[in-house]
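Here the structure is laid out as structure tokens; the discussion comes afterwards.
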Amino acid sequence: MPSASFDDRSSLWNFSLDYYARPGVADACLQLQDGHGVNVNLLLWCVWLERRGLALDKVRLRKAQKRIHAWDEHYVIPLRHLRRRMKVEFGSADAGIEQLRSQIKQAELLAEKQLQIWLEAEVQTWNEGAADSASPPVAGDNLRLYLLQLNVTEAAIARLLQLFASVV
């Protein structure tokens, strides 16, 4: 287990903002979100953990999923659906509606940031002995553990890993 809190530069949120902005990453993440129900915040957490040499196991993954589930279901997802529904119903020509959609998007991002704060804090709860004895993850193991439970195909995982490797 890391002995100290991660500094702001290495925070999950800052990592996610940087990684998500790279070519192809947002599209790949959103395709998995919309097609397989992937939680993009968990997906990025898996990559972030791996970049820090931390292996994820089923128990840790389930605990993290349980920690964020209600917040995601009651706040993040409804804000996303509202924002998307407004675009479908009203388009993007009305400046007033676009301003409202922008504010909803900001609320959605703040809700996602809170979720990521909890995911990052989850790492701090890991038993030091267990973390020290765990082998560093093999490239893609953390992502594979998460995505296979959502029935994402190995081929799709391999494409995602290839994309992520190309944006390191």
Side-chain angles (χ1 to χ4, degrees), residues 1-2 4-52 54 56-126 142-152 156-157 160 163-164 167:
M1 176 175 104
S5 296
F6 297 107
D7 67 32
D8 190 53
R9 291 181 319 256
S10 65
S11 73
L12 173 57
W13 183 248
N14 287 332
F15 170 84
S16 295
L17 290 176
D18 177 59
Y19 216 72
Y20 196 79
R22 295 178 184 197
V25 172
D27 289 339
C29 289
L30 293 175
Q31 286 175 2
L32 288 170
Q33 176 182 279
D34 294 341
H36 294 278
V38 168
N39 182 309
V40 173
N41 294 294
L42 274 173
L43 183 149
L44 292 167
W45 182 63
C46 290
V47 177
W48 179 79
L49 289 171
E50 191 170 292
R51 299 281 196 233
R52 280 148 185 73
L54 298 170
L56 194 55
D57 60 31
K58 288 179 182 180
V59 172
R60 290 175 175 167
L61 177 58
R62 283 190 198 117
K63 187 176 177 193
Q65 288 172 309
K66 184 177 180 182
R67 173 66 177 102
I68 66 168
H69 177 76
W71 184 260
D72 198 43
E73 290 295 316
H74 296 296
Y75 304 103
V76 176
I77 293 171
L79 286 167
R80 180 181 310 130
H81 287 163
L82 176 61
R83 178 179 53 81
R84 287 179 173 183
R85 190 174 71 231
M86 287 176 74
K87 186 169 187 173
V88 169
E89 289 181 22
F90 301 104
S92 58
D94 186 311
I97 291 174
E98 280 305 292
Q99 182 180 9
L100 178 57
R101 281 187 63 247
S102 178
Q103 290 175 351
I104 292 168
K105 184 175 184 175
Q106 289 306 309
E108 179 186 350
L109 288 171
L110 287 172
E112 287 182 321
K113 185 175 184 178
Q114 181 59 53
L115 186 148
Q116 286 197 7
I117 288 168
W118 288 329
L119 287 172
E120 188 172 329
E122 191 65 34
V123 176
Q124 301 296 325
T125 69
W126 292 356
N142 289 348
L143 265 180
R144 187 170 277 107
L145 176 69
Y146 173 53
L147 295 176
L148 286 176
Q149 77 175 2
L150 298 172
N151 298 316
V152 175
I157 294 170
L160 184 64
L163 172 66
F164 283 178
V167 296

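Numbers here are sequence positions counted from 1.
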Output the distance between atom [atom1] ([X]) and atom [atom2] ([Y]), rounded to the nearest 0.5 Å.
{"X": "Arg51", "Y": "Leu54", "atom1": "CZ", "atom2": "CG", "value": "13.0 Å"}
{"X": "Leu143", "Y": "Leu44", "atom1": "CG", "atom2": "CG", "value": "8.5 Å"}
{"X": "Arg52", "Y": "Ser10", "atom1": "CZ", "atom2": "OG", "value": "5.0 Å"}
{"X": "Asp94", "Y": "Leu100", "atom1": "CG", "atom2": "CG", "value": "10.0 Å"}
{"X": "Arg67", "Y": "Leu115", "atom1": "CZ", "atom2": "CG", "value": "9.0 Å"}
{"X": "Leu119", "Y": "Glu112", "atom1": "CG", "atom2": "CD", "value": "11.0 Å"}

task: Answer yes or no: is there a donor N or O on one side and an acceptor on the other, between the side chain of Tyr19 and the main chain of Trp48, under 3.5 Å?
output: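 No, the answer is negative, given that no donor and acceptor are paired below the 3.5 Å cut-off.
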
message: Given 3.5 Å as the limit, does a donor-acceptor pair link the side chain of Arg83 with the main chain of Arg101, or not?
response: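 Pair absent, no side-chain N/O of Arg83 close to backbone of Arg101.
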
Where do [X] and [Y] come nearest, in terms of heavy atoms and distance?
{"X": "Tyr146", "Y": "Leu43", "result": "CE2-N, 4.0 Å"}
{"X": "Cys29", "Y": "Val40", "result": "O-CG2, 3.7 Å"}
{"X": "Val76", "Y": "Glu108", "result": "O-CG, 4.3 Å"}
{"X": "Leu56", "Y": "Cys46", "result": "CD2-SG, 3.7 Å"}
{"X": "Asn39", "Y": "Asn41", "result": "OD1-N, 2.8 Å"}
{"X": "Leu12", "Y": "Glu120", "result": "N-OE1, 2.9 Å"}

Listed partners of Trp71 passing ring-ring contact (aromatic ring centres under 6.0 Å, His included), at least two apart: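 Residues passing ring-ring contact (aromatic ring centres under 6.0 Å, His included) with Trp71: Tyr75, Trp118.
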
field: Stepwise side-chain contact (heavy atoms from CB on, under 4.5 Å) check, Leu160 with Leu147
entry: CA-CA 11 Å; Leu160 184 64; Leu147 295 176; 3.7 Å; yes

message: Considering only residues two or more places apart or on different chains, which pairs with a residue in residues 90-116 satisfy ring pair (Phe, Tyr, Trp, His ring centres under 6.0 Å)?
response: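 For residues 90-116: none.
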
From CA spacing to verdict: side-chain contact (heavy atoms from CB on, under 4.5 Å), Thr125, Lys63: CA-CA 11 Å; Thr125 69; Lys63 187 176 177 193; 3.5 Å; yes

task: Sort and list the pairs that fulfil side-chain hydrogen bond (donor to acceptor under 3.5 Å, both in side chains) and have at least one residue in residues 29-38, not counting sequence neighbours.
output: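 For residues 29-38: Asp34-Arg84.
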
field: Note, Leu49 side chain near Arg60 side chain (heavy atom, < 4.5 Å)
entry: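 Side chain of Leu49 against side chain of Arg60, heavy atoms only: no contact under 4.5 Å found.
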
- prompt: Is there side-chain contact between Gln65 and Leu42, with at least one heavy-atom pair below 4.5 Å?
  reply: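 When only atoms from C-beta onward are counted, Leu42 and Gln65 do touch, with a gap below 4.5 Å.
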
